[in-house]
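This report refers to the structure that appears directly beneath it.
Naming: A, B, ... by sequence-line order, numbering from 1 per chain.
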2 protein chains.
Amino acid sequence: MTTTDLLSRLRGRDWRLSAQRRAVAEVLVGDHVHLTAEEVHELARSRLPEISRATVYNTLNELVAMGELGVVDVVDGPRRYDPYVTAHHDHLVCDRCHTIRDVPRTTALPQVADDARGGFLVTGVEITYRGLCPDCAARYGR
Amino acid sequence: MTTTDLLSRLRGRDWRLSAQRRAVAEVLVGDHVHLTAEEVHELARSRLPEISRATVYNTLNELVAMGELGVVDVVDGPRRYDPYVTAHHDHLVCDRCHTIRDVPRTTALPQVADDARGGFLVTGVEITYRGLCPDCAARYGR
DNA sequence: TCCTGTATTAGAAGAAGTCTAACTTAGGAA
DNA sequence: TTCCTAAGTTAGACTTCTTCTAATACAGGA
């Protein structure tokens, strides 16, 4: 297993690693983690009780801008942050409880036909599968 | 051209078509329209000045639940509503100005591998291409 | 040590959407 | 007609999530 975690990647960056930023980065560990800002704050607080909400948001936004953190939008509810940016993957989202599951991207990357692109510069593709997670499917689905 | 517009589709439904609901539906016309709730309210107001925000939101939510209206989430900024639900298509979203462009879905539908699905019931797939629209690419891109 | 720019903080403010309670309306029953 | 009921509408309060602001703290270089 050679996945480089967020914290080690950040050491190689020209980015001041304060105690607060470290606390945020330490919490964003694992390949299948999709935390809300609130959850990150909660967890970071257990390492550094005085860390503020604004700092958590600032840090998350910076990490996203640096490309070190992904964002998953589940339509309902708050944004989720995904530290697993080292391999392309897609998301299964439960329409009921908003659980997210990672799925490897096996299909060939979809392409936009040249004539449909109309001058648009395409830099990325997101595939989101929607449906019901096992729990919600058992409870409400068929 | 045989695209059935939203309003005609609604006539075939068991759904009371009040003046307010009609105003909302009349505004959601066209195959490449992605309005925010605020924009729908604004336009509906020009037909029915006393229509309230709550009614616009209620109506939009009902139409979405009925499957007669699509939702596009652009991560930043408000949700957009897309009356073009009669043909599968995907979206190109500008990361800077949040413009949306429809693209026909030409690729085969991506599939989730059985072993990655893990009991998840998949009901739909959304493909979102991200990048810069022509205007923003000219201004900021390379 | 001083200086400068970056980070952090609490709390206010903003944006988007939902909820509440009162009011209106339409249609059916008596 | 008059009454009744259920559905629809309304203004405005409220929630939730995120960003902004202004004050303060801090770190590293001159």
Could you tell me the separation between the CD atom of B:Glu50 and the C1' atom of C:dT25, rounded to a whole number of Å? 14 Å
Does B:Val33 reach the side chain of B:Tyr84, with side-chain heavy atoms less than 4.5 Å apart? no
For A:Ala25 and A:Leu10 the tightest heavy-atom approach is CB-CD1, 3.8 Å
Flag the pair A:Asp76 and B:Arg79 as a salt bridge only when some basic side-chain nitrogen lies within less than 4.0 angstrom of an acidic carboxylate oxygen. yes
Under 4.0 Å between a side-chain N/O of B:Arg21 and OP1 or OP2 of D:dT9, yes or no? yes
Expressed as a whole number of angstroms, how long is the span from A:Asn58:CG to D:dA22:P? 16 Å
Is any N or O donor-acceptor pair between the side chain of A:Arg53 and the base of D:dT18 shorter than 3.5 Å? yes
I need the CD-C1' distance between A:Glu62 and D:dT19, as an integer number of Å. 14 Å
Could you check how far CZ of A:Arg22 sits from C1' of C:dA7, rounded to whole Å? 15 Å
Here the distance between atom P of C:dA7 and atom CG of A:Asp14, to the nearest Å, is 10 Å
State whether B:Ser18 places a side-chain N or O below 4.0 Å from either non-bridging phosphate oxygen (OP1 or OP2) of D:dA7. no
Rounded distance (Å) that lies between atom P of D:dT9 and atom CZ of B:Arg45: 15 Å
Looking at B:Thr36, is its backbone amide N or carbonyl O close enough to the side chain of B:Glu39 to form a donor-acceptor pair, meaning the two atoms are under 3.5 Å apart? yes
Spacing between A:His98 atom NE2 and D:dT16 atom C1', to the nearest angstrom: 14 Å
Selected nucleotide, minimal atom distance to A:Arg79 side chain, candidates D:dT18, C:dT9, D:dA11: D:dT18
Does D:dT9 have its OP1 or OP2 closer than 4.0 Å to a side-chain nitrogen or oxygen of B:Ser52? no
Ignoring backbone atoms, test whether B:Tyr57 places a side-chain nitrogen or oxygen under 4.0 Å from the OP1 or OP2 oxygen of C:dG17. yes
Which residue lies toward the 5' end of DNA chain D, B:Thr59 or B:Asp76, if each is placed at its nearest nucleotide? B:Thr59
Is any side-chain N or O of A:Gln20 closer than 4.0 Å to OP1 or OP2 of D:dC26? no
Between A:Arg13 and A:Glu68, does any NZ, NE, NH1 or NH2 come within less than 4.0 Å of an OD or OE carboxylate oxygen? yes
Look only at the side chain of B:Arg21 and the backbone of B:Thr59, and say whether a donor-acceptor pair between them is shorter than 3.5 Å. no
Could you identify which residues of residues 33-41 of chain B place a heavy atom less than 4.0 Å from some atom of DNA chain D, listed by residue number, or say none? none
Taking only side-chain N and O atoms of B:Asn61, does any of them lie within less than 4.0 angstrom of OP1 or OP2 on C:dT18? yes
Does a side-chain N or O from B:Arg16 land closer than 4.0 Å to OP1 or OP2 of C:dA26, or not? no
With distance as the sole criterion, is a donor-acceptor pair present between the side chains of B:Thr55 and B:Asn58 under 3.5 Å? no
Determine whether the side chains of A:His32 and A:Asp82 contain a donor N or O and an acceptor N or O closer than 3.5 Å. no
Nearest-angstrom distance from the residue atom CG of B:Leu48 to P of C:dT25: 12 Å
